[in-house]
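Below you'll find the structure, written out as structure tokens, and then a few comments.
Both counts, for ligands and for their atoms, begin at 1 and track the order of listing. These numbers come from the heavy atoms of this one structure, side chains and all, not from hydrogens, waters or symmetry mates.
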Amino acid sequence: MSANIDWANLGFAYSKTPYRFVSNYKDKKWDDGCLSDNENIVINESACVLQYAQTCFEGLKAYTTVDGRIVCFRPDLNAQRMAQSCERLKMPVFPEDKFVDAVVATVKANKDFVPPYGTGASLYVRPYMFGSDPILGVKPANDFQFRIFTSPVGPYFKGGAKPITVRISDYDRAAPHGTGHVKAGLNYAMSLYAIVDAHEKGFDENIYLDSGTRTFIEETGGANILLVTKDGKLITPKSHTILPSITRRSLMYVAKEYLGLETEERQIRLDELTDMAECGLCGTAAVISPVGKINDHGKEICLPSGMNEMGPVIKKLYDTLRGIQLGTIKAPEGWIKEIC
Ligand code: PLP
Ligand code: COI
């Protein structure tokens, strides 16, 4: 039976659910892991994660489909990306098949907290790993903990499908040969100053530029960028320093194979934004959030789709992806992992 929650009015915030998955890495091997009802973690004051931020994470969602099944979307790709993050951060990979099994077990244990079909809400699933033993000199931890918690959530941006306003950031997110392409906690730590500053100035998010030349647009703090050209082509920035968004990769496929749109992944210059018809931010948390206005140091770029509703192409993409996730549109082979 569903928990007694006002699903339609949930924001994107943590709320405790009964179970989380916990597995420990010690003496160079992972234990079997188990579900725990304890949401608190006790670690040494000199744990590597606390001193040197040795941590990475993932994000995916579980949904109730139109016919009442509980499913999640492409967890194998989260497992694969977490393995890449771990390799870059000198952390042990949690085996990809066990990652998917652990997601399934955690969602199943918290199934009463998966929002019912039609509420617009979902169960956010947050796998993460950190270095847990005491380290003083700069080096990787020896012991690690892998965990997955869940939290029922609503839209990431207030207003849901309402267009947002973003600004071009003067701060950089990722260095040319840094960690922008993996989901390291440190990428988010360094974005906190910029996001608070953006919010204080009335913007919903920051668009970061490539930090090498500050010529091309990259992504925002928590989502990739989609643009629709005036002749209806879907384009997205190509860069080695952005996170390879699972939502973006899925939408590019949907655009081509379901909607017959022309698609292209290429470098996109900041000065091209004035020529675009539509813009959206895409990610697990954001799904697709339409952008109505981009502020470039006081110069306003107003997308022709406006500030009231999603543009027509972004709307079609959104509806098709949601349909695939919620079971009203047939999904490509392997995209939907049935949980129960
Ligand atoms: N870019 C950043 C910086 C993110 O944090 C996220 C969220 O995971 C994304 C893009 C979107 O990735 P995905 O679609 O895999 O959730
Ligand atoms: C996600 O979309 O899952 C993210 O991780 C973005 C943000 C909440 C950090």
Side-chain angles (χ1 to χ4, degrees), residues 10-15 55-63 72-85 88 99 103 121-129 148-158 160 164 166 169 171-175 178-192 194-196 198-199 204-211 217-226 236-255 265 279-289 291 317-318 321-322 324-325 335 337:
L10 281 174
F12 193 87
Y14 172 78
S15 62
T55 179
C56 63
F57 70 100
E58 273 303 322
L60 66 157
K61 282 175 171 171
Y63 310 87
C72 64
F73 186 69
R74 311 192 77 179
D76 52 321
L77 296 190
N78 294 96
Q80 201 180 75
R81 192 171 61 189
M82 188 154 190
Q84 288 157 3
S85 299
R88 179 65 179 79
F99 176 108
V103 166
S122 53
L123 186 73
Y124 187 71
V125 181
R126 172 55 66 85
Y128 61 112
M129 191 191 294
I148 306 176
F149 72 77
T150 63
S151 178
V153 295
Y156 189 64
F157 293 105
K158 276 201 271 330
I164 59 171
V166 300
S169 175
Y171 301 99
D172 289 329
R173 172 183 174 275
T179 54
H181 60 300
V182 297
K183 216 161 160 56
L186 61 92
N187 294 341
Y188 299 82
M190 59 189 274
S191 76
L192 298 176
I195 193 68
V196 170
H199 287 164
D204 296 291
E205 250 291 9
N206 290 294
I207 288 187
Y208 294 100
L209 302 179
D210 77 289
S211 56
I217 59 162
E218 294 249 291
E219 63 171 328
T220 67
N224 278 185
I225 299 171
L226 299 172
T236 190
K238 187 182 175 77
S239 161
H240 295 302
T241 54
I242 67 178
L243 193 77
S245 159
I246 294 162
T247 316
R248 185 253 299 164
R249 286 181 271 160
S250 304
L251 285 167
M252 295 302 275
Y253 180 89
V254 162
E265 192 183 343
C279 176
L281 308 185
C282 69
T284 297
V287 191
I288 312 182
S289 184
V291 173
L317 284 167
Y318 177 87
L321 181 69
R322 293 291 287 164
I324 288 171
Q325 291 170 336
W335 279 24
K337 175 78 186 170

Quiz item: Aromatic ring centroids of Phe12 and Tyr124 under 6.0 Å?
Solution: yes

Self-check item: Within-4.5 Å side-chain heavy-atom neighbours: Arg248 and Glu219
Solution: no

Exercise. If you have a sec, work out which protein heavy atom is nearest atom 2 (O) of ligand 2 and how many Å separate them, to one decimal?
Key: Ala285 N, 2.8 Å

Practice problem: Output the list of atoms in ligand 1 that are nearer than 4.0 Å to some heavy atom of Lys183, sorted by atom number. | Solution: 4 (C), 5 (O), 6 (C), 7 (C), 8 (O)

Quiz prompt | Lys/Arg N to Asp/Glu carboxylate O, Arg81 vs Glu58, below 4.0 Å | solution = yes

Exercise. Give the C-alpha distance, both sets of side-chain angles, the deciding distance and a yes or no for side chain to side chain contact (heavy atoms under 4.5 Å, CB included) between Val125 and Leu60.
Key: CA-CA 5 Å; Val125 181; Leu60 66 157; 3.9 Å; yes

Self-check item: Contact summary for Phe99 and Pro75, nearest pair of heavy atoms
Solution: CE2-O, 3.8 Å

Quiz item: Do Asp210 and Thr241 come within less than 4.5 Å of each other through their side chains, counting heavy atoms only?
Solution: no

Practice problem: Could you walk me through whether Lys61 and Leu123 pass side chain to side chain contact (heavy atoms under 4.5 Å, CB included), step by step? | Solution: CA-CA 5 Å; Lys61 282 175 171 171; Leu123 186 73; over 6 Å; no

Exercise. Just need the protein heavy atom nearest to atom 8 (C) of ligand 2, so name the residue and atom and give the distance.
Key: Tyr156 CE1, 3.8 Å

Quiz item: Among Ser245, Gly222, Gly283, Ala286, whose heavy atom sits nearest atom 6 (C) of ligand 2?
Solution: Gly222

Practice problem: Would you mind checking which non-hydrogen protein atom is closest to atom 6 (C) of ligand 1, with the distance to 0.1 Å? | Solution: Gly222 O, 3.3 Å

Practice problem: If you have a sec, work out which protein heavy atom is nearest atom 5 (O) of ligand 2 and how many Å separate them, to one decimal? | Solution: Lys183 NZ, 2.8 Å

Quiz prompt | Minimum side-chain heavy-atom gap His181-Leu243 below 4.5 Å | solution = no

Practice problem: Considering only non-hydrogen protein atoms, determine which one is nearest to atom 16 (O) of ligand 1 and report residue, atom name and distance to 0.1 Å. | Solution: Thr284 OG1, 2.6 Å

Quiz prompt | Phe149, Tyr188, Tyr128 screened by ring-ring contact (aromatic ring centres under 6.0 Å, His included) with Phe57, the one that passes | solution = Tyr188

Practice problem: Could you tell me whether some N/O pair between Ile246 and ligand 1 is separated by less than 3.5 angstrom? | Solution: yes

Practice problem: Provide, to 0.1 Å, the distance between atom 3 (O) of ligand 2 and the closest protein heavy atom, together with that atom's residue and name. | Solution: Tyr124 OH, 2.6 Å

Exercise. Answer with side chain, backbone, both or neither: which part of Arg126 has a heavy atom less than 4.0 angstrom from an atom of ligand 2?
Key: side chain

Exercise. Quick one: look at Ala223 and ligand 1, take heavy-atom pairs under 4.0 Å, and tell me if it's side chain, backbone, both or neither.
Key: backbone

Quiz prompt | Rounded distance (nearest 0.5 Å) linking atom CD of Glu265 with atom OG of Ser239 | solution = 9.5 Å

Practice problem: Enter the distance from Thr284:OG1 to Ile246:CD1 here, rounded to the nearest 0.5 Å. | Solution: 6.0 Å

Exercise. Provide the number and element of each atom of ligand 1 under 4.0 Å from a heavy atom of Asn224.
Key: 1 (N), 10 (C)

Self-check item: Closest non-hydrogen atom pair, Leu281 against Ile164
Solution: CD1-CD1, 3.6 Å

Quiz item: Would you say Ser151's side chain and Ser15's backbone share a donor-acceptor pair under 3.5 angstrom?
Solution: yes

Exercise. Considering the heavy atoms of Phe57, write down every atom of ligand 2 situated less than 4.0 Å from one of them.
Key: 5 (O)

Quiz prompt | Nearest-neighbour protein heavy atom for atom 9 (C) of ligand 2, which is reported as residue plus atom name and distance | solution = Tyr188 CE2, 3.7 Å

Quiz item: Looking only at heavy atoms of Glu58, does any of them come nearer than 4.0 Å to an atom of ligand 2?
Solution: no

Quiz item: Closer than 4.0 angstrom: is that true for some heavy atom of Arg173 and an atom of ligand 1?
Solution: yes

Quiz item: Taking N or O atoms only and a 3.5 Å limit, does Arg81 qualify as a polar contact for ligand 1?
Solution: yes

Quiz prompt | Closest approach of Val254 to Leu317 (non-hydrogen atoms, all atoms of both residues) | solution = CG1-CD2, 4.3 Å

Practice problem: Check each atom of ligand 1 against the heavy atoms of Gly283 and keep those under 4.0 Å away; list them by number with element. | Solution: 11 (C), 14 (O), 16 (O)

Quiz prompt | Residue Glu219 vicinity, atoms of ligand 1 by number, heavy atom under 4.0 Å | solution = 1 (N), 2 (C), 3 (C), 10 (C)

Exercise. Number the atoms of ligand 1 from 1 as they appear, then name those within less than 4.0 Å of a heavy atom of Tyr188, with their elements.
Key: 2 (C), 3 (C), 4 (C), 5 (O)

Self-check item: Geometric N/O contact Thr247 with ligand 1, under 3.5 angstrom
Solution: yes

Quiz item: Is the closest N or O pair between Thr220 and ligand 1 shorter than 3.5 Å?
Solution: no

Exercise. Please work out which of Gly59, Ser191, Gly221 has its closest non-hydrogen atom nearest to atom 3 (C) of ligand 1.
Key: Gly221

